Amino acid sequence: MFEPSGERASTSQSGRSSSATSVKTQDTLPSAGFNVAALAKIGEQAFQRGELVSAELVALTYGALVRQLFLDYQAPEDVNEELERIGYNIGLRLVDDFLARSAAPPCRSFQATAEIVARVAFRMYLGVSARPANFAADNTAYSILFDTNPLAEFVEVPDAVANTLWYSNIFCGVIRGALEMVQFSVRASFTRDMLRGDECNEIRVCLLRELEETVPLDKET
Amino acid sequence: MPIYTVFIINRSGGLIYSAQFQGSQVHPLNECLRLASTLHSVQQISRQVSPVDILDDIGLTSLEAKTFRLRLYQPLTGIQFVAIATPEVTDEILLGILRRLHLLYADYALKNPFYVQDMPIRCKLFDIHFMKLMKPYIANPVE
């Protein structure tokens, strides 16, 4: 279960020694210096190693949750918000599981999180392939695109709420919570959903700020 | 080749789990709290004095003395896992144990919905699996 790799798994790190500030000024580099195939493999291995739960069970349980939230909150906007909040609390905790199990190389730039979230985390927890895309010019935003959504397999959203409800909004919360624990405060939101007839699912992740990891020594003067 | 002490320290330097095993001097809990937060501070300072960019340096990871070896493992979330053992326990063994401890923490503390993050770990399942993990490395548990 545990690779005898270094303290911070040291695979495919070429080009990652540059500091966070210099990365920001670079042109968009879709792979952020990662070996994409290697990342996909890491995700796949972690997926195989983990305990698998029936996708149907998860989809139905999630469906029941959304349905219940509808009964409780009525307004689809509130349901979106509540799903995001639930996801956030999951993400805060799940990220340690991810770090302990995935052996993914560490992210030192925001841009790098795109690759890790899309190629490793989506693969590992959902068993689907996702890809990062649409990087903003200043690298403070990116999109995660995926074509299969295990949560939405049996879902038909009623017309009345079709344009307000983001059925799988829990994903956005998970991403926000998980990234916050590794010092990136972000806002994540669905921009496209196949349930609305779009050709793929798209989650937009925007960096709000990088959290200070330590208090700088010279702040007291 | 026994392990003396295991600490888990949260992001703000609070001790959230401790275990001390026979063969070492056993410290009262208050002293452990103080030790843990001091260690946390030292670890933070060690990152500040690093000559390279702070993002690329994780600071203090191990400390060797004549009579013991201290190993510290800090995943990206900032929580610290610390083990103190006799010097003949190698660095790799200690790191392996601490990584498995991280996994136990993720499984039996964080996934327990009634465990509040950053608070002391009082989860039966965690204790059970922790003892299972430590068994080969200890004589008799004190606490």
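Protein chains get the first letters and strands the later ones, always in sequence-line order, with residue 1 at the start of each. Given the structure is predicted, the values throughout are model-derived calculations rather than measurements.
Here the closest non-hydrogen pair linking A:Asp96 and B:Pro75 is OD1-CG, 4.3 Å.
Contacts from residues 113-125 of chain B to chain A, taken as heavy-atom pairs separated by less than 4.5 Å, involve B:Pro113, B:Tyr115, B:Val116, B:Gln117 in sequence order.
Around atom CZ of A:Arg85, no more than 12 heavy atoms belonging to other residues, nucleotides or ligands sit under 6.0 Å away. Within 6.0 Å of atom CD in A:Glu44, more than 12 heavy atoms from other residues, nucleotides or ligands are found, so the atom counts as buried in its surroundings. Within a 6.0 Å radius of CZ in B:Arg11, no more than 12 heavy atoms belonging to other residues, nucleotides or ligands are found. In B:Lys111, the NZ atom is crowded: over 12 heavy atoms of neighbouring residues, nucleotides or ligands sit closer than 6.0 Å.
In this structure, A:Glu180 CD and B:Thr77 OG1 are separated by 12.5 Å, a value rounded to the nearest 0.5 Å. Taken to the nearest 0.5 Å, the CG atom of B:Leu110 stands 9.5 Å off from the CG atom of A:Leu94. Taken from NE2 in B:His102 to CG in A:Leu99, the straight-line distance is 5.5 Å, to the nearest 0.5 Å.
Looking at B:Asp91, neither its backbone nor its side chain comes within 4.5 Å of chain A, counting heavy atoms on both sides. Heavy-atom distances place no part of A:Ile90 under 4.5 Å from chain B, backbone and side chain included. Residue contact with chain A, scored on non-hydrogen atoms closer than 4.5 Å, is absent for B:Leu98.
Side-chain atoms of A:Arg93 come within 3.5 Å of backbone N or O of B:Asn112 as a donor-acceptor pair.
When the side chain to side chain donor-acceptor pair (under 3.5 Å) test is applied to B:Tyr17, the partners found at least two apart in sequence or on another chain are B:Asp127. A:Leu57 pairs by the side chain to side chain contact (heavy atoms under 4.5 Å, CB included) definition with A:Val53, A:Ser54, A:Thr61, not counting sequence neighbours. Residues that satisfy the side chain to side chain contact (heavy atoms under 4.5 Å, CB included) test with A:Ala121, not counting sequence neighbours, are A:Phe98.
Between A:Arg101 and B:Asp107, at least one side-chain N (NZ, or NE/NH1/NH2) sits under 4.0 Å from a carboxylate O, which counts as a salt bridge.
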